[in-house]
Participant: 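Have a look at this one.
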Amino acid sequence: MSKKIGRNEPCWCGSGKKYKVCHSEFDRKLETLKSQGAVIPSHSIIKNAEQIQGIRESAKINIAVLDYISENIRSGISTEQIDRWVYEQTSARGAIPAPLNYEGFPKSVCTSINEQVCHGIPSEKDILKDGDIVNVDVSTIYKGYFSDSSRMFCLGSVSPEKKKLVEVTKQSLSVGLEQVKPWGLLGDMGQAIHDFARQNGYSVVREIGGHGVGLAFHEDPFVSYVSQRGTGMVMAPGMVFTIEPMLNMGTADVVLDGDNNWTVYTADGKPSAQWEIQVLVTEDGYEILAY
Ligand code: MF3
Ligand code: CO
């Protein structure tokens, strides 16, 4: 942002276009917002058209893998079976499951049941049973581009209380999406989700949130769902991030599994739900890349 680019020089975004017809207006807008005290994104997290197309292709695979899980998940199977499906379905499309060996994560997908908030590790020992709610969090690397989304599944007859938690969490994504627009603030999105969750009697996990994603698995910014309106990073066209709130039936407090150092649980043992989509900020709103 500080280095001056000549108007006829190639744009920093890598489009190959001249700066004056590419991101010069964009930079002027951001500089103005910055001078007014806003937190602005660095150029490194702004994607150009070619990168967006690459992320779209990756996201298509992520969606297809989750569609396969949706069609096949049922009570009686182990979460290890879900892991095998994710590995096979991802590999069959020439892609790599992003979680596998990510910072030592041992499996291809996260499977989080009931009071598990996120980062559940698939195991032969964990058998899905009637009445469980489970989050399946799939992330894909395709030709170097990253995608990330997750869905909840209700197995057999789930209690009305748990079903409502799953439904409200899904609806909270739409509530957040309404705030996603160019030159809007991430804090507006986070507070909208938090308010909606609280109106429905739920709490929102604070410690874990969403993230930029596309050229790497986890990029700036950290995306909170307990943030304050009027704060947070400016959303600029070309930013790609996840909306993935975790809503709890009881306390917002969470604890980390001391044995595997990955899995996060609710502190009170009550159920938690999460849905995740990957969104692109566009010139006039947003595009959902993965769901
Ligand atoms: N999709 C999850 C996230 O973004 C994946 C976490 S990394 C993993 O938080 F290795 F645990 F999968
Ligand atoms: Co994520």
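Every heavy atom of this structure was used, including side-chain atoms; hydrogens, water molecules and symmetry mates were not. Atoms within a ligand are numbered from 1 in the order they appear, just like the ligands themselves.
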Participant: Give the numbers and elements of all ligand 1 atoms closer than 4.0 Å to a heavy atom of Cys110.
Facilitator: 8 (C), 11 (F), 12 (F)
Participant: Looking at Asp148, which atoms of ligand 1 are within less than 4.0 Å of one of its heavy atoms?
Facilitator: 1 (N), 4 (O)
Participant: Inspect the surroundings of OH in Tyr87 and state if more than 12 heavy atoms from other residues, nucleotides or ligands are less than 6.0 Å away.
Facilitator: no
Participant: Aromatic contact between Tyr102 and His218, with the criterion being ring centroids under 6.0 Å apart: yes or no?
Facilitator: yes
Participant: Can you tell me if His211 has a non-hydrogen atom under 4.0 Å from ligand 1?
Facilitator: yes
Participant: Going by an N to O cut-off under 4.0 Å, is there a salt bridge joining Lys181 and Asp284?
Facilitator: no
Participant: Show which atoms of ligand 1 fall inside a sub-4.0 Å distance from at least one heavy-atom site of His218.
Facilitator: 3 (C), 4 (O), 9 (O)
Participant: To the nearest 10 degrees, could you say what angle the Co ion (ligand 2) makes with NE2 of His211 and OE2 of Glu244?
Facilitator: 80°
Participant: Is any NZ, NE, NH1 or NH2 atom of the basic residue among Asp195 and Arg229 found under 4.0 Å from an Asp or Glu carboxylate oxygen of the other?
Facilitator: yes
Participant: Output yes when Glu219 and Lys47 qualify as a salt bridge under the 4.0 Å nitrogen-oxygen rule, no when they do not.
Facilitator: yes
Participant: Ignoring angles and geometry beyond distance, decide whether Trp262 reaches within less than 3.5 Å of ligand 1 through its nitrogen or oxygen atoms.
Facilitator: no
Participant: Between Glu25 and Arg28, is there a side-chain N and carboxylate O pair less than 4.0 Å apart?
Facilitator: yes
Participant: Starting from Phe153, can I reach Ile113 by hopping between I/L/V/M/F/W/Y residues whose side chains sit under 4.5 Å apart?
Facilitator: yes
Participant: At a 4.0 Å threshold, what atoms of ligand 1 neighbour a non-hydrogen atom of Ser139?
Facilitator: 1 (N)
Participant: Can you report which non-hydrogen protein atom sits closest to atom 5 (C) of ligand 1, along with the distance?
Facilitator: Phe217 CZ, 3.7 Å
Participant: Output yes when Arg84 and Glu124 qualify as a salt bridge under the 4.0 Å nitrogen-oxygen rule, no when they do not.
Facilitator: yes
Participant: Please report, to 10°, the angle around the Co ion (ligand 2) from atom OD2 (Asp148) across to atom OE2 (Glu276).
Facilitator: 80°
Participant: Identify, by atom number and element, the atoms of ligand 1 in contact range of Tyr102, meaning under 4.0 Å from any of its heavy atoms.
Facilitator: 7 (S), 10 (F)
Participant: N/O to N/O below 3.5 Å, does that happen between His119 and ligand 1?
Facilitator: yes
Participant: So, 2.8 Å as the limit: is an N/O/S atom of His218 located closer than that to the Co ion (ligand 2)?
Facilitator: no
Participant: So, Asp137 and the Co ion (ligand 2): N/O/S under 2.8 Å, yes or no?
Facilitator: no
Participant: Name the closest protein heavy atom to atom 2 (C) of ligand 1, giving the residue it belongs to and the distance to 0.1 Å.
Facilitator: Asp137 OD2, 3.2 Å
Participant: Looking only at non-hydrogen atoms, find the nearest pair between Pro237 and Glu283 and report the distance.
Facilitator: CB-OE2, 3.8 Å
